[in-house]
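The structure under discussion appears below in the form of structure tokens.
Note on naming: letters A, B, ... go to the chains in the order of the sequence lines (proteins, then strands), and numbering restarts at 1 for each one. Just so we're clear, the structure is a prediction, and the values are computed from it rather than from any experiment.
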2 protein chains.
Amino acid sequence: MARDADRTRKRLLEAAGVEFSALGIAGARVDRIAEAAGCNKAMIYAYFGNKDQLFDAVFSAHVATFLDEVPFDAPDLPGYAGRLFDRYEDHPDTLRLATWYRLERPRGASLQAVVSSNQGKLEKLEHAQREGVLPGHYTPVELLTLVLSISTAWASMTPELGVNAPADRDRRRHTVVDAVRRLLADGESASAPPVTLSGASS
Amino acid sequence: MARDADRTRKRLLEAAGVEFSALGIAGARVDRIAEAAGCNKAMIYAYFGNKDQLFDAVFSAHVATFLDEVPFDAPDLPGYAGRLFDRYEDHPDTLRLATWYRLERPRGASLQAVVSSNQGKLEKLEHAQREGVLPGHYTPVELLTLVLSISTAWASMTPELGVNAPADRDRRRHTVVDAVRRLLADGESASAPPVTLSGASS
DNA sequence: TCGTGTCAACTGACCGGTTGGTTGGGAGTA
DNA sequence: TACTCCCAACCAACCGGTCAGTTGACACGA
């Protein structure tokens, strides 16, 4: 076990991923992370600054891997949703980290990688719509929001409901893919208010 | 300001709701809750036992109000989704508390009120399907999961995506209602695997 | 009306343990 | 020697939880 800064950094990142995913930022304990990584607590501060920055490093790494492993596919949104589902099933940590991030992170500080990634997705969606590959009854943001939401439907479900007939994985996956497919089906769906913004009312 | 146990309990519950909703269980501070409620920290332990039980009390109260204010309507799922959306928009705290609950309480202790409520919903869905009011291409659990997921689509969206064209509230509401409506549209959507469970595969 | 006893409601101060964060020095390597 | 990597030990602040003691309302007897 020779000295290796990179290796230590990586082990720390890995242990932190487990800890943060399970307990969140406020619930995570740096001592536990250091112990799980088989090194001293001081290493965290030497390599990552502090607890918050360690979380950022962990989350950024997970996001990068995630974006890399699940490439966006505007023309085939049902397929994309299915691949998102698979990824969430195989790596539940990523979604948990994202949820902690959304809940615990103070407003404002967004990950640039995510912002630009979303921007690219929206542009591709708009392009696909102009080409007629995708229907136009939803705007790109609406489309993306619905797809992401449906993909995580099973993963972000309340545990009380999860007990009831969770079905097997294949069936759950099919539900996700099928739902997105139905969302894209042609045909007006009753009255549709203007897309452009209007005065708000209850 | 006479002494009033019920009033104190209520103020504690309210202050705790704000604190827990914002910081979660691990992030919440009992001193802060007591101070916000204008009473002593010891009252929390006298009335609720401990921090965790205080959270349970807060969450149960929120859930009870929620279930009361948004009655289930199996024959009109799009309308139900719309009302869920409204509730989440008007009271973001409830969803945040539910998310904290899901993340920070991994053990099996489920809220009986939620379990039985879900049971009732599933039965109503099944009944509506047998009556032909609802299509049968999704099982009751699948239906409920999708509806709940879509209703919270905007509320549980990543902040990075939220920046991009969040649209006005009416439009967002319409998107939710419309999406559920499309899910219920008749017609087979390509190949459908059996509903009954089969051997798992990747 | 006054004095007194009683008890729930409430409080200030404290405790044991924990937490994020720091530091001085030692081991390994070139 | 000089430089990097690493850690045991330490610290100040903080946190959940407890407890002995105080306060206020009210019933009751005279």
task = Measure from the side-chain heavy atoms of Cys39(A) and tell me the nearest of dT11(C), dC7(D), dG17(D).
result = dC7(D)

request  = Would you mind telling me which of dG21(C), dG20(C), dG17(D) lies closest to the side-chain atoms of Lys41(B)?
outcome  = dG17(D)

ask   = Rounded to whole angstrom units, what separation is found between the CD atom of Glu35(A) and the P atom of dT18(C)?
value = 13 Å

task = Round to a whole Å and report the spacing from CD1 of Ile44(A) to C1' of dC7(D).
result = 13 Å

Below 4.0 Å: OP1/OP2 of dG20(C) and any side-chain N or O of Arg29(A) = yes

ask   = Salt-bridged, Arg83(A) to Asp76(A), with N to O below 4.0 Å?
value = yes

query = Want to settle it: does Ala42(A) or Asp31(A) sit nearer the 5' end of DNA chain C, counting the closest nucleotide to each?
reply = Asp31(A)

task = Figure out the CE/C1' separation between Met43(B) and dC19(D), and round it to whole Å.
result = 12 Å

ask   = To the nearest angstrom, how far is Arg11(B) atom CZ from dC10(C) atom C1'?
value = 12 Å

inquiry  = Is there a side-chain contact between Lys121(A) and Tyr80(A) in this structure, where contact means two heavy atoms from C-beta onward sitting under 4.5 Å apart?
reply    = yes

query = So what does Ala34(A) touch, heavy atoms closer than 4.0 Å: a base, only the sugar-phosphate, or nothing?
reply = nothing

Whole-Å gap separating P (dT19(C)) and CG (Asn50(A)) = 17 Å

key: Parallel, tilted or perpendicular: ring planes of Tyr101(B) versus Phe55(B), cut at 30 and 60 degrees   = parallel

task = Rounded to the nearest angstrom, tell me the gap between atom OH in Tyr47(A) and atom C1' in dC7(D).
result = 12 Å

request  = Rounded to the nearest angstrom, tell me the gap between atom CD1 in Ile25(A) and atom P in dG21(C).
outcome  = 12 Å

query = Taking only N and O in the side chain of Asn40(A), is any of them less than 4.0 Å away from OP1 or OP2 of dA8(D)?
reply = yes

task = Taking the side chain as every heavy atom from C-beta outward, state whether Arg87(A) and Leu84(A) have any atom pair closer than 4.5 Å.
result = no

Under-4.0 Å side-chain N/O to phosphate OP1/OP2 contact, Thr8(A) with dC6(D) = yes

ask   = Does the distance from a Lys or Arg side-chain N to an Asp or Glu carboxylate O, for Asp73(A) and Lys124(A), drop under 4.0 Å?
value = no

query = So which one's nearest nucleotide on DNA chain C is more toward 5', Asp52(A) or Ala5(B)?
reply = Ala5(B)

message = Tell me the interatomic distance from Leu12(A), atom CG, to dC5(D), atom P, rounded to whole angstroms.
response = 14 Å

